[in-house]
Amino acid sequence: MKTIDELIADGVGGKRVFVRADLNVPLDGATITDDGRIRAVQPTIAKLAQNGAKVIVASHLGRPKGAPDPAFSLAPAAARLSELLGRDVAFATDTVGDRARDTVAALGDGEVAVLENLRFNPGETSKDDAERGAFADQLAQLADLYVGDGFGAVHRKHASVYDLPARLPHAAGDLIATEVAVLKKLTEDVKRPYAVVLGGAKVSDKLGVIDHLLERADRILIGGGMAYTFLAAQGHEVGISLLQKDQIPAVQEYLKRAAAKGVEFVLPVDVLVSADFPDLKTKAPANPDTVAADAIPADKEGLDIGPRTRELYASKLADAATIFWNGPMGVFEHPDYAGGTKAVAQGLLDSSAFTVVGGGDSAAAVRQLGFDENAFGHISTGGGASLEYLEGKTLPGLAALED
């Protein structure tokens, strides 16, 4: 995989460089609520611009249905990128149309432009190779070189991620290079004990990575909504908690395999419960009850791990040499249910381990709860991509960057 430094050494001055970034940031209207992904790719963009490239930044945002939708415009991301770079950033209000072509044609050496949301064109996400390829052909006409640096999208077989690199000389950006180097530390020559913390809503989203980690991890700590399927698999009442009944047999099999392999599965021993889901807009007091994990009332829902579980999980992380964490422990967006996620984050910081926060809601939680990002070993920009890498899957966007 060619690096961006090698690309620069070959000469990028005056050349149009297409950077497939991941500017898929959460928005409240037109306000960015977490700019972590923009800040992560900014160094790559700045490096190319400083070396005289005409930088064309492209990304998706959200899930528009293959047509323009103002709610998913990249205009706020372009404005934030301009602030971070400390220079004007042009914004094209389409992807491959007249405005994109005119915006790119007007770029001078060292200048930067952002194209509108790639997913406004149905060819970006099409499962039809010809339609996707046709869109990639149009994108290729805008550029001379390609840099892949949108790690959060490399698990997608999309035109700008998979097809476009085949049409242009290409290299991996610094962000992707860093992400891959970190993930190799979680899959090759891992320092032990190796502890994994998995949370989030659905256990079905994590089955593949659990299957893979049973061959590699020393202990796996479970929280979030997915914990209740594990508790149900052990025969416990989970009330109205999030539950995937159809996954119980698979969970039971994983628990058996873990026991046979000597992998420690750690489940909550107490949880915070309520009969009502909290109001995440007003953050009104929720007044939850704390109950044993095997005594959840039939009319209540588990919404966070309890204080005894927080202490237990901290103790299981304390002696680890490597920790991977993906998924919050509860509804961290509400202060009454943020304690479990906060305790896990603090547990990572209190350990001497190499720590990796696996993107997605975990990364958002770290920032929202006020932790210093630089105190962690690495905060990934791609939750789904990280998980698929750990599952051992071939990621299309990485395969496309290989020479």
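- Between the side chain of E237 and the main chain of G239, a donor-acceptor pair closer than 3.5 Å is present.
- Under a 4.0 Å N-O distance rule, the pair E311/R308 does not qualify as a salt bridge.
- Of the possible donor and acceptor atoms, none in the side chain of N51 sits under 3.5 Å from a partner among the backbone N and O of I8.
- Although no hydrogens or angles enter the test, the distance criterion places a donor-acceptor pair under 3.5 Å between the side chain of D336 and the main chain of A286.
- Put simply, the side chain of H378 does not reach to within 4.5 Å of the side chain of V357, judged on heavy atoms.
- Residues meeting the ring pair (Phe, Tyr, Trp, His ring centres under 6.0 Å) test with H170, sequence neighbours left out: none.
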Handout entry: F120/F72 under ring-ring contact (aromatic ring centres under 6.0 Å, His included): CA gap, chis, key distance, verdict
Key = CA-CA 9 Å; F120 286 179; F72 298 106; 7.5 Å; no
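- By the 4.5 Å heavy-atom criterion applied to side chains, D294 and L231 are not counted as neighbours.
- Annotation: D28, atom CG; neighbour count of heavy atoms from other residues, nucleotides and ligands within 6.0 Å does not exceed 12.
- Rounding to the nearest 0.5 Å places CD1 of I38 at 5.5 Å from CG of L23.
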Exercise for the section: List the steps, then state whether side chain to side chain contact (heavy atoms under 4.5 Å, CB included) holds for I45 with Q42. Expected result: CA-CA 5 Å; I45 296 167; Q42 181 264 340; 5.7 Å; no
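- Qualifying side chain to side chain donor-acceptor pair (under 3.5 Å) partners for K300, counting only residues two or more places apart in sequence or in other chains: D289.
- The shortest distance between side-chain heavy atoms of F371 and K342 falls below 4.5 Å.
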For residues 97-106, dump all side-chain donor-acceptor pairs below 3.5 Å to protein atoms at least two apart in sequence or in another chain.
| residue | atom | partner | partner atom | Å |
| --- | --- | --- | --- | --- |
| D98 | OD1 | R101 | NH2 | 2.4 |
| R99 | NE | T93 | OG1 | 3.0 |
| R101 | NH1 | V96 | O | 2.8 |
| T103 | OG1 | R99 | O | 2.7 |

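- Around CZ of R63, the count of heavy atoms belonging to other residues, nucleotides or ligands within 6.0 Å does not exceed 12.
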Practice task
Please step through side chain to side chain contact (heavy atoms under 4.5 Å, CB included) for the pair R367 and I379, ending with a clear verdict.
Solution key: CA-CA 10 Å; R367 289 186 276 267; I379 297 182; 4.3 Å; yes
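- For residues 312-325, the pairs satisfying side chain to side chain donor-acceptor pair (under 3.5 Å) are R219-D319, E264-K316, with sequence neighbours left out.
- Considering L183, V196, V182 in turn, V182 is the only one that fulfils the side-chain contact (heavy atoms from CB on, under 4.5 Å) rule with V356.
- Taking 4.5 Å as the limit, every side-chain heavy atom of T309 sits out of range of all side-chain heavy atoms of V271.
- One distance of note links CG of D35 with CG of L84; it measures 6.0 Å at 0.5 Å rounding.
- For the side-chain contact (heavy atoms from CB on, under 4.5 Å) with F18, the qualifying choice from V55, L115, L145, D144 is L115, the only one to do so.
- Taking both residues in full, the closest heavy atoms of A258 and L214 are given as CB-CD2, 3.7 Å, listed atom of the first, atom of the second, then distance.
- Side-chain atoms of E131 do not come within 3.5 Å of backbone N or O of D128 as any donor-acceptor pair.
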Exercise for the section: Test side chain to side chain contact (heavy atoms under 4.5 Å, CB included) on L139 and L118 and set out the steps. Expected result: CA-CA 10 Å; L139 292 172; L118 290 164; 4.1 Å; yes
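- Across G223 and I305, no two heavy atoms sit closer than the pair CA-CG2, 4.4 Å.
- The closest donor-acceptor contact from the side chain of R16 to the backbone of Q141 lies under 3.5 Å.
- Side chains of E116 and T95: no donor on one and acceptor on the other come within 3.5 Å.
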Exercise for the section: With salt bridge (charged side-chain N to carboxylate O under 4.0 Å, His left out) as the test, would you mind laying out the steps for D211 and R257 before giving the verdict? Expected result: CA-CA 9 Å; D211 183 73; R257 280 179 55 195; 2.6 Å; yes
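- Using a 4.5 Å cut-off on side-chain heavy atoms (C-beta onward), Y337 and S274 make contact.
- With hydrogens and angles disregarded, no donor-acceptor distance shorter than 3.5 Å links the side chain of H236 to the backbone of Y228.
- When every heavy atom of H334 is checked against every heavy atom of P278, the shortest pair comes out as CD2-CB, 3.5 Å.
- L74 contributes atom CG, which lies 15.5 Å from atom CZ of R80 (distance to the nearest 0.5 angstrom).
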Handout entry: Criterion side chain to side chain contact (heavy atoms under 4.5 Å, CB included) on M226 and K202, from CA distance to verdict
Key = CA-CA 5 Å; M226 63 185 286; K202 295 182 179 180; over 6 Å; no
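- Side chain of S351 to backbone of A320: no donor-acceptor contact under 3.5 angstrom is found.
- Between P328 and D361, the shortest heavy-atom contact is CD-CB, 3.7 Å.
- Panel note: side chain D279, backbone T282; a donor-acceptor pair is recorded below 3.5 Å.
- Residues N117 and P64 form a side-chain contact, since some pair of their non-hydrogen atoms from C-beta on lies under 4.5 Å apart.
- For E111 (side chain) and G108 (main-chain N/O), a donor-acceptor pair under 3.5 Å exists by modelled atom type.
- Annotation for V41 and A21: closest pair CG2-CB, 3.8 Å, computed over non-hydrogen atoms.
- A salt bridge links E215 with K261: at least one charged nitrogen is closer than 4.0 Å to a carboxylate oxygen.
- Residues F324 and Y194 place their aromatic rings such that the two centres sit no closer than 6.0 Å.
- Listed by first and then second residue, the salt bridge (charged side-chain N to carboxylate O under 4.0 Å, His left out) pairs that reach into residues 164-183 are K47-D174, D137-R167, sequence neighbours excluded.
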Exercise for the section: Test S204 against Q244 for side chain to side chain donor-acceptor pair (under 3.5 Å), laying out the working first. Expected result: CA-CA 8 Å; S204 56; Q244 290 185 286; 2.9 Å; yes
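- Applying the side chain to side chain donor-acceptor pair (under 3.5 Å) test to every pair with at least one member in residues 149-164, sequence neighbours left out, gives these pairs: R20-S160, T44-D149, E124-S160, R132-D163.
- The environment of NZ in K283 is crowded: more than 12 heavy-atom neighbours from other residues, nucleotides or ligands sit within 6.0 Å.
- Defined by atom type and a distance below 3.5 Å, a donor-acceptor pair is missing between the side-chain atoms of T381 and D22.
- Under the 4.5 Å side-chain criterion, counting only non-hydrogen atoms from C-beta, V147 is in contact with V19.
- Between I222 atom CD1 and L255 atom CG the span is 8.5 Å, to the nearest 0.5 Å.
- Because its NZ or CZ atom is both nearer than 6.0 Å to the ring centre of F354 and within 45° of the ring axis, K185 counts as a cation-pi partner of that residue.
- Nearest heavy-atom pair, I56 versus A143, reported as atom, atom and distance to 0.1 Å: CD1-CB, 4.3 Å.
- Put simply, the side chain of T31 never gets that close to the backbone of L27: no donor and acceptor are under 3.5 Å apart.
- F332 has its side chain out of reach of S362: every pair of non-hydrogen atoms, C-beta onward, lies at least 4.5 Å apart.
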